[in-house]
Amino acid sequence: MRLLLHCCCGPCATEVADHFRGLGYEVTGWFFNPNIHPEQERRRRERTLGAAAEAIALPVLPNGPGMGLGEFLQAIAREGGTRCRTCYTLRLAATAREAAQRGFQAFSSTLLISPYQALDVIEEVGREEGRRFGVDFCFADLREKYGASCERARELDLYRQNYCGCLFSALERAERRAGRAAAKGLRAAARR
Ligand code: SF4
């Protein structure tokens, strides 16, 4: 059975591809993460997937297109304002469509390994898009493999991003950093 694997990044692709190969699937990867911000970061993640795929002999399809920030915001507004559900829908609908057009019987996503994602929403969206395009969505909670994927990324010297990807998550990272810096400053002032 041929499975098209939506890949959000290289590090997560290694363990997830191996999981589905272990179940007997013939796995092909596809990078489709149109709202990664900024564009240089999206390209860097694409390149990292290329390096990971080479290391684990994973065939990959040509990458999907990017998306301007305005287009992403419009999509969120259309879907009712829940940004992560919209993001999952954009990625999984495109993967299901691509899988159907290319004759794959199944599809899945590397998002299933991330402890930072809402797996219940991903499962719901994946199954819905699978039904729409007539391709099986393969769901599994792979979060226990996340540590192994980080370790493997270190061994393969793969770039590991420190924010989820969209502009909102980049802003949240900046806020966390600013909060930590402010707390450190307050602690230092208290010691004086
Ligand atoms: S936080 Fe991550 S999953 Fe949520 S919208 Fe941004 S990129 Fe997508």
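Since the structure is predicted, the reported quantities are computational estimates derived from the model, not experimental observations. Along the sequence shown, the residues carry numbers beginning at 1.
- Under the 4.5 Å side-chain heavy-atom criterion for ILVMFWY residues, no single connected hydrophobic cluster contains both L158 and Y116.
- Note: F32 and W30 have parallel aromatic rings, judged against thresholds of 30 and 60 degrees for the angle between ring planes.
- Using modelled atom types and a 3.5 Å distance limit, the side chains of Q117 and Y88 yield a donor-acceptor pair.
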Please list every donor-acceptor pair under 3.5 Å in which a side-chain atom of residues 174-192 meets a protein atom from a residue at least two apart or in another chain.
none

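- For the pair R44 and Y159, the distance from NZ or CZ to the six-membered ring centre is under 6.0 Å and the angle to the ring normal is within 45 degrees.
- Using a 4.5 Å cut-off between side-chain heavy atoms of Ile, Leu, Val, Met, Phe, Trp and Tyr, with links allowed through other members, I122 and I76 fall into different hydrophobic clusters.
- For T110 (side chain) and A13 (main-chain N/O), no donor-acceptor pair under 3.5 Å exists by modelled atom type.
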Which side-chain N or O atoms in residues 90-99 pair as donor and acceptor under 3.5 Å with protein atoms at least two apart or in another chain?
unit_1	atom_1	unit_2	atom_2	d
R91	NH1	N33	OD1	3.0
T95	OG1	R91	O	2.6
E98	OE2	R102	NE	2.7
E98	OE2	R102	NH2	3.3

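- The CD atom of Q74 lies 7.0 Å from the CD atom of E71; values are rounded to the nearest 0.5 Å.
- Looking only at distances, no side-chain donor or acceptor of S114 sits under 3.5 Å from a matching main-chain atom of L111.
- In this structure, the side chain of Q105 does not engage the main chain of M1 through any donor-acceptor pair within 3.5 Å.
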Give the C-alpha distance, both sets of side-chain angles, the deciding distance and a yes or no for salt bridge (charged side-chain N to carboxylate O under 4.0 Å, His left out) between E39 and R42. CA-CA 5 Å; E39 177 61 15; R42 192 179 76 83; 3.1 Å; yes
